[in-house]
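A quick note: this is a predicted structure, and the numbers were derived from the prediction, not measured. Just so you know, ligand 1 is whichever comes first in the structure, and atom 1 is the first atom listed for that ligand.
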Amino acid sequence: MTIRSAEPGDAAGMGRVAREIAAATGRTRPCGVDYMLSHYIHHPDRILCSVAVDADGTILGFQSLKLAPAGNSNGVAEGWGMIGTHISPQAARRGIGKALFAETLAAARQAGVERIDATIGAANIGGLAYYEAMGFRTYRGNQSAVCKVFEVGAA
Ligand SMILES: CC(C)(COP(=O)(O)OP(=O)(O)OC[C@H]1O[C@@H](n2cnc3c(N)ncnc32)[C@H](O)[C@@H]1OP(=O)(O)O)[C@@H](O)C(=O)NCCC(=O)NCCS
C-alpha cells in the first residue's frame, strides 16, 4: 500500500470507495467522478488530498484536507483545516486511515494550519472513534453532528 497525492485519474476509484461506504453504511453521499474532481482533486481550498493505493493500483481510500474559507457552510473558523476521510469497508482497520493522517498532518504543518476540524455524524461510531484515536477532541456539536478539533502544534 502506498500513499500519494490524488490525481484526476483517481476520481473513478475514489468514487467507487464512496459508493462502497454508502452501500455498507446506508449513508448516501455524492460518488460521481465530477464530484470527486470538483470537491476534492481540483478544489480551490485543497491543501492536500491523498489516496491510499494497493499494489495493483486499486484505490483503497482517500483523505482530504481543505483550508476553511470565511463564511464556510460548516461554520468552521476561517483558516482552520477541514478534514474528510473515506476508506473502503473492505480495507478497514488496516491502518490506512492512520497512515493517511500522518501525511495530512505534515501538510497541515507545512501550510501553517494550527487547527483541523473534523465534522462527523453523531451516529457514526467508527468515524468518531477513528478521529479520537488520531488525537482529535470534541469542541462542539448538536444532535446530528459532532465537531472535533486537532491542535496541530509544533512538530
Ligand atoms: C472511520 C475510518 C476513516 C477509519 O479508517 P481505518 O483505515 O479503518 O482506520 P485505521 O485502521 O487507521 O484505525 C486507526 C485507529 O482508529 C480507531 N478506529 C478506526 N475505526 C474504528 C472503528 N470502526 N471502531 C472503533 N475504533 C476505530 C482505532 O483506534 C484504530 O486503531 P486499531 O485498529 O489499532 O484499534 C473508515 O472506517 C471510514 O472511512 N469509514 C467510513 C467513512 C467515515 O466514517 N469517515 C469518517 C467520518 S466523516
Numbered in order shown, the ligand 1 atoms found under 4.0 Å of a heavy atom of Y131 are 46 (C), 47 (C)
Can you label the angle between the Y40 ring and the F62 ring as parallel, tilted or perpendicular, going by 30° and 60°?
-> perpendicular
Heavy-atom nearest neighbour in the protein, as seen from atom 7 (O) of ligand 1, with distance rounded to 0.1 Å | G97 N, 2.8 Å
Is there a donor-acceptor contact under 3.5 Å linking the side chains of S88 and E20?
-> yes
Min N/O separation I125 to ligand 1 under 3.5 Å | no
Side chains of D10 and R4: does their closest heavy-atom pair fall under 4.5 Å?
-> yes
Heavy-atom check, side chain of V51 versus side chain of I3, under 4.5 Å | no
Just jot down the ligand 1 atoms closer than 4.0 angstrom to any heavy atom of H86, in number order.
-> 39 (O)
Nearest non-hydrogen protein atom, atom 41 (C) of ligand 1 | I21 CG2, 3.7 Å
shortest atom 44 (O) of ligand 1-to-protein heavy-atom contact is with N124 ND2, 2.6 Å
side-chain contact (heavy atoms from CB on, under 4.5 Å) between F136 and D117: does it pass, once the steps are laid out?
-> CA-CA 8 Å; F136 287 72; D117 170 276; over 6 Å; no
Would a 4.0 Å cut-off, counted as strictly less than, catch a protein heavy atom around atom 37 (O) of ligand 1?
-> no
Check the side chains of T104 and Q63 for a donor-acceptor pair under 3.5 angstrom, ignoring hydrogens and angles.
-> yes
Under 4.0 Å from ligand 1, counting heavy atoms only, is it the side chain of R27, its backbone, both or neither?
-> side chain
Short list, please: which atoms of ligand 1 are under 4.0 Å from a heavy atom of A92?
-> 8 (O)
Identify, for atom 13 (O) of ligand 1, the protein heavy atom at the shortest distance, and state residue, atom and that distance.
-> Y130 CD1, 4.3 Å
Once the angle between the rings of Y35 and H39 is folded into 0 to 90°, is it parallel (under 30°), tilted (30 to 60°) or perpendicular (over 60°)?
-> parallel
Do any nitrogen or oxygen atoms of R29 come within less than 3.5 Å of a nitrogen or oxygen of ligand 1?
-> no
Ion pair check, E132 and R137, cut-off under 4.0 Å = yes
Heavy-atom protein neighbour under 4.0 angstrom from atom 34 (O) of ligand 1 = no
Of all the non-hydrogen atoms in the protein, which one sits nearest to atom 8 (O) of ligand 1, and at what distance?
-> R93 N, 2.8 Å
Centres of the Y131 and F150 rings: under 6.0 Å?
-> no
Is the shortest heavy-atom distance from the side chain of M14 to the side chain of C49 under 4.5 Å?
-> yes
Counting heavy atoms under 4.0 Å, the part of M134 that contacts ligand 1 is side chain
Ligand-side contact atoms (ligand 1) for residue partner I96, heavy atom cut-off under 4.0 Å | 7 (O), 12 (O)
Does the N or O separation between T119 and ligand 1 drop below 3.5 Å for any pair?
-> no
For A129, take its heavy atoms, then give the atoms of ligand 1 lying under 4.0 Å from any of them.
-> 17 (C), 25 (C), 26 (N), 27 (C)
Relative to the heavy atoms of A133, which atoms of ligand 1 are at a distance of less than 4.0 Å?
-> 15 (C), 16 (O), 17 (C), 29 (O)
Side-chain heavy atoms of I87 within contact of Y130, under 4.5 Å | no
Protein residue, atom and distance nearest to atom 12 (O) of ligand 1, heavy-atom basis | K98 N, 2.8 Å
Of all the non-hydrogen atoms in the protein, which one sits nearest to atom 45 (N) of ligand 1, and at what distance?
-> T85 O, 2.9 Å
How about E151: does its CD atom have over 12 heavy atoms from other parts shown lying under 6.0 Å from it?
-> yes
Quick look: I87 vs ligand 1, heavy-atom contacts under 4.0 Å, and the answer is both
Of all pairs that satisfy salt bridge (charged side-chain N to carboxylate O under 4.0 Å, His left out), the ones with a partner from residues 50-77, not counting sequence neighbours | none
Identity and distance of the protein heavy atom lying nearest atom 11 (O) of ligand 1 = G95 N, 2.8 Å
